[in-house]
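The structure displayed is predicted, hence computed values, not measured ones. Chain identifiers are assigned alphabetically (A, B, ...) following the order of the sequence lines, protein sequences preceding nucleic acid strands; residue numbering begins at 1 within each chain.
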Amino acid sequence: MANALPRSFLQVATTEEVASPLRVVQMEGLAILKIIKHCKEFSPALVTGQLLGLDVGSVLEVTNCFPFPVREDDEEIEADGANYQLEMMRCLREVNVDNNTVGWYQSTLLGSYQTVELIETFMNYQENIRRCVCIIYDPSRSNQGVLGLKALKLSDSFMDLYRNNNFTGEKLREKNLSWVDIFEEIPIKVSNSALISAFMTELEADAPVTQCDYDRLQLSTSPFLERNMEFLIECMDDLSMEQQKFQFYYRNLSRQQVQQQAWLQKRRAENMTRKAAGEEPLPEEDPTNPIFKPLPEPSRLDSFLITNQISNYCNQINGVAGQSFSRLYLLKALHEN
Amino acid sequence: MATTSEQTVLQFKPSTASLTARVHPLVIFNICDCYVRRPDQADRVVGTLLGSVSPDGIVEIKNSYAVPHSESSDQVALDIDYHHNMFLSHQKVNPKEAIVGWYSTGFGVSGGSALIHDFYSREIPNPIHLTVDTGFSNGVGTIKAFVSVNLSLGDRQLAAQFQEIPLDLRLIEAERVGFDILKKTAVDKVPTDLEGMEASMEHLLALIDDVYKYVDSVVEGQVAPDNSIGRFISETIASLPKIPPSAFDKLVNDSLQDQLLLLYLSSITRTQLSLAEKLNTVAQILGDQSEIRASSRMSIPIRFFGQSGIIL
């Protein structure tokens, strides 16, 4: 292995290792079951928990997890929460569980999880861990017969922007960032140890009767769709409010520009007369005048998040409607006389 | 059994109630995982079972955690502090889960188990002992649950006998949906809505095929008819509601139209979103207010659609 020039130690030490991008999240069946159990027990309340595992190359392995107790907003309980976490990690290390935090999981209701708190939590985690992921589980989807599990990550470009707290339109256009780019969804792979697989096959033989999951074949989807629609409408209202804010801003901006032009004209006219009178011309800008104060542009973050939520609801509606079509056609065929 | 105090008959204290145990698959997963991760010198893994006892004698085992222990030929040591600490931590999350027993891997019950069982019976009145045979002796992975029953000779306690109680493996729906995933050693991706639907339909089709074949073979006389199955099949078919075809068609078509409406609505919303975004960025470049006003005017018909769509 002869390189052209052997790299000096200094060179190697200074070149930063480029982390390979995260391509897939590999979860163990154990972690998935624990998440399902925890979220389902406390639904409809929203709960969170910590993910433990290993970070290997382009795969993030999640091997275990533990739930967080429901936190009341009390100052003293904050310290308790940290103690609980340390205690759990210590105990799990004693039984040889990977006690390496790789992220957290949370439950959600009908997919309404895109909030600012999520982004903040991500930023907090990212400071300490190089790669972290958030698993979202939706217990209401399991009533429709689908495993509602998703792995999310903030995209890097978005994180840079957020750190600088800079959400003006130009910056976003520079980076070509739109609302789709905030969250990246990562595919989930499931792995199980051979022992567990053997046990499960043992306990539930592969008989077709037990395999048919009838939940998916139920016809009544209207409660789910109704709630989805309700949430969708609320989000549209929020979105139109945000757009009105922008309208307001632009109107003010243009009005301010008109005022500035008028003031400039006046100044120029004044300067002409002063030049004619042989006096010093006044400066053309006046920073103390309030009409020159730059208006703050409203942040686009909220509208992006709302847009994300809306698109999520739309996707869900599409999925459920697609399923309903199949069911209805099946029913039709059944009744063919 | 009426006995006088002088009779020395071996007495079994009958089990207090017909105790049955129900185990959630999460517990099995946990136990297997702990077994795979056990320290090298340990032969088996021991841990606590958490759950609840219902008043009609059914013990539900919902959760578990491993407890470090060391075992030699004549001594057994269990890390009691660890057990208490973990229990307190679990209590913080779920105060309703209580200790219901303990588990160990390995086939059958050994001498050391009696001591551990003793310890647990000091914690709760009637602990359940679960054995999970990870060694697959007899070529089968057996999971058994035991309760301890005291054998006494007259007034003296002789021994404790581990009596087996019936065990039931339960699956709740969310786990049932993902069950195919949980069974294999590696699944490449979590199935989406439509793929799952396809799988369910295929299963249903396979089931119907089987029933069809069975009925055919009975009619041809190849298989001896079983009256109970025949009755069951006829009941199932009779349970299809008898609706006149026109009414049925109307029903199905109405539902189809509702779904189509929703699909259309969500497509419009998506278009609206991408349009609004384009307009917003254009507005910055041109600084033109009128385009923004146009986009906000578009959102009003969407809300109108949405409100009429709720009447499903």
Passes side-chain contact (heavy atoms from CB on, under 4.5 Å), Leu26(B) versus Lys34(A)? Steps please.
CA-CA 7 Å; Leu26(B) 173 62; Lys34(A) 273 189 163 176; 3.6 Å; yes
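- With a 4.5 angstrom heavy-atom cutoff, Pro39(B) touches chain A via backbone and side-chain atoms both.
- Only the side chain of Tyr329(A) comes within less than 4.5 Å of a heavy atom in chain B; its backbone stays farther off.
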What do the steps show when you test Lys37(A) against Glu97(B) for salt bridge (charged side-chain N to carboxylate O under 4.0 Å, His left out), and what is the final call?
CA-CA 13 Å; Lys37(A) 171 181 180 285; Glu97(B) 281 184 357; 3.0 Å; yes
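- Neither the backbone nor the side chain of Asn308(A) has a heavy atom closer than 4.5 Å to any heavy atom of chain B.
- Interface residue Asn253(B): only side-chain heavy atoms are found under 4.5 Å from chain A.
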Are Leu273(B) and Leu239(A) close enough, and set up right, to give a side-chain contact (heavy atoms from CB on, under 4.5 Å), and what steps lead you there?
CA-CA 10 Å; Leu273(B) 289 179; Leu239(A) 189 66; 3.7 Å; yes
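- Contacts between Glu41(A) and chain B at a heavy-atom distance below 4.5 Å involve the side chain alone, from C-beta outward.
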Between Ile310(A) and Gln272(B), does a side-chain contact (heavy atoms from CB on, under 4.5 Å) hold up when you go through it step by step?
CA-CA 11 Å; Ile310(A) 293 182; Gln272(B) 151 80 348; over 6 Å; no
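- Across every non-hydrogen atom of Leu92(A) and Tyr82(B), the tightest pair is N-OH, 4.3 Å.
- Between chain B and the options Asn228(A), Leu253(A), Val97(A), heavy-atom pairs under 4.5 Å are most frequent for Val97(A).
- Tyr35(B) touches chain A through its side chain: at least one heavy atom from C-beta onward sits under 4.5 Å away, while N, CA, C and O do not.
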Please assess Met229(A) against Leu265(B) for the test side-chain contact (heavy atoms from CB on, under 4.5 Å), listing each intermediate value before the final yes or no.
CA-CA 10 Å; Met229(A) 288 302 292; Leu265(B) 188 60; 3.0 Å; yes
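- Only the side chain of Phe42(A) comes within contact range of chain B, with at least one heavy atom under 4.5 Å from a heavy atom of that chain.
- Summarising the geometry of Ser89(B) relative to Glu87(A), their closest heavy-atom pair is OG-CG, 3.8 Å, with the distance given to 0.1 Å.
- Proximity to chain A involves both the backbone and the side chain of Leu260(B), based on heavy atoms less than 4.5 angstrom apart.
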